[in-house]
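In what follows, a single structure is set out as structure tokens and then discussed.
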Amino acid sequence: MRIRVGHLYPDYLNIYADRGNIAVLARRAAWRGHELDVAAVSIGDTLRARDFDLLYVGGGQDREQALVAVDLAAKGDAVREAAADGCVVLAVCGGYQLLGSFYRDRDGVELPGVGLLPVHTVAGERRMIGDVLLDCEWAGRTLAGFENHAGRTRLEPGALPLGRVVHGFGNDGESGFEGCRSARVIATYLHGPLLPRNPWLADGVLAEALGHASGGDAFELEPLADELEAQAHDVAAGRARARGGRFT
């Protein structure tokens with residue numbers, strides 16, 4: 001099957017090796033005989049809600065994030081319509097912040113969000129940097145990754161976190177939550193990139209995207225060996241346990 005992927009602003013939101021997430025999805029799909037058809041959607045481009053099975057948005061510096069925020073907000077109706085139709089949405093770091101209601105920087109300037117997730121973000125004085133380990137009770141799994149952000153993202157009433165922080169800072173360094181999820185939408189600060197060391201999440205994204213492509217429920221994927229992926233997860237989780245996070 002063909003999975004249609006809309007990669008939002010790859011020319012602006014492309015730091016932290018977030019392109020690696022697309023590479024992982026493409027390879028894990030190909031190993032099962034499926035194909036990723038990736039199209040870039042950037043500033044000034046038209047986003048049509050029913051053109052994609054997966055929308056992906058990565059992270060960027062504050063300057064780049066400010067450049068895309070207004071354009072993404074203008075695409076908000078299409079993003080929300082796509083999600084309501086069952087399209088998978090995966091957002092990392094700055095992309096996560098822009099899926100909320102707003103992002104307010106340290107100068108008090110407020111950037112509009114898409115309003116897809118019940119969260120908002122306010123920049124803090126210090127960055128939260130370090131390895132992270134999450135307990136995702138809803139999946140019975142753990143996620144390991146790396147965070148580097150000054151934004152304090154607050155979950156609003158009714159919001160579901162992606163996971164509970166075992167080691168690290170998470171959304172705000174206080175609540176014990178990290179990320180946000182809703183139906184087929186997953187948003188997180190974890191990068192480095194996220195998916196190579198967390199193959200269960202990569203396969204979950206693929207299964208849901210294939211479900212959307214076929215007009216049904218999540219697709220059942222044949223399991224892969226994943227020995228190296230498991231080792232990468234264990235190494236990252238071990239670093240998180242040893243170092244946690246630190247304010248800078």
Can you check whether [Y]'s main-chain N or O pairs, donor with acceptor, with [X]'s side chain at less than 3.5 Å?
X	Y	result
Asp105	Gly108	yes
Asn14	Arg19	no
Asp172	Glu174	yes
Asn171	Gly179	yes
His34	Met1	yes
Asn198	Ala144	yes
Asp71	Gly44	yes
Trp200	Ala139	no
Asp226	Ala230	no
Arg141	Cys136	no

Is [Y] paired with [X] through a side-chain N to carboxylate O contact shorter than 4.0 Å?
X	Y	value
Asp53	Arg4	yes
Glu222	Arg32	no
Arg28	Glu229	yes
Asp135	Arg164	no
Arg184	Glu208	yes

Hey, can you tell me if Tyr96 and Tyr189 have their rings parallel, tilted or perpendicular (30° and 60° cut-offs)?
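Ring orientation, 0 to 90° scale: perpendicular.
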
Asn21 vs His191, test: side chain to side chain donor-acceptor pair (under 3.5 Å). Steps then yes/no.
CA-CA 9 Å; Asn21 291 321; His191 49 74; over 6 Å; no

Shared hydrophobic cluster for Val205 and Phe52 (ILVMFWY, side-chain gaps under 4.5 Å)
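The answer is no; the residues belong to distinct hydrophobic clusters.
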
Leu99 with Ile186, same ILVMFWY side-chain cluster at under 4.5 Å
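Leu99 does not cluster with Ile186.
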
What's the separation between atom [atom1] in [X] and atom [atom2] in [Y], rounded to the nearest 0.5 Å?
X	Y	atom1	atom2	result
Phe146	Leu194	CZ	CG	14.0 Å
Arg243	Ile129	CZ	CD1	11.0 Å
Arg152	Thr121	CZ	OG1	11.0 Å

Ring centres of Phe169 and His149 under 6.0 Å apart?
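So the answer is no for these two rings.
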
Could you walk me through whether Thr153 and Gln97 satisfy the side chain to side chain donor-acceptor pair (under 3.5 Å) test, starting with their C-alpha distance in whole Å, then the side-chain angles of each, then the deciding distance to 0.1 Å, before giving a yes or no?
CA-CA 7 Å; Thr153 298; Gln97 295 171 349; 4.8 Å; no

For Ser42 and Asp11, run side chain to side chain donor-acceptor pair (under 3.5 Å): C-alpha distance rounded to whole Å, both residues' side-chain angles, the deciding distance at 0.1 Å, then the answer.
CA-CA 7 Å; Ser42 194; Asp11 45 348; 2.8 Å; yes

Is there a side chain to side chain donor-acceptor pair (under 3.5 Å) between Arg127 and Asn148 once you walk through the steps?
CA-CA 7 Å; Arg127 301 190 70 82; Asn148 181 357; 2.7 Å; yes

Hey, is CG on Asp234 packed in by over 12 heavy atoms from elsewhere, all under 6.0 Å?
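It does: Asp234 CG has more than 12 such atoms within range.
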
For the side-chain contact (heavy atoms from CB on, under 4.5 Å) test, which of Glu81, Lys75, Arg80 pairs with Asp77?
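Considering Glu81, Lys75, Arg80, a side-chain contact (heavy atoms from CB on, under 4.5 Å) with Asp77 is found only for Arg80.
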
Of all the heavy-atom pairs spanning Phe219 and Ser214, show the shortest one and how long it is.
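In this case the closest contact between Phe219 and Ser214 is CD1-OG, 4.4 Å.
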
Closest approach of Ile43 to Tyr9 (non-hydrogen atoms, all atoms of both residues)
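Of all heavy-atom pairs spanning Ile43 and Tyr9, the closest is N-CE2, 3.6 Å.
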
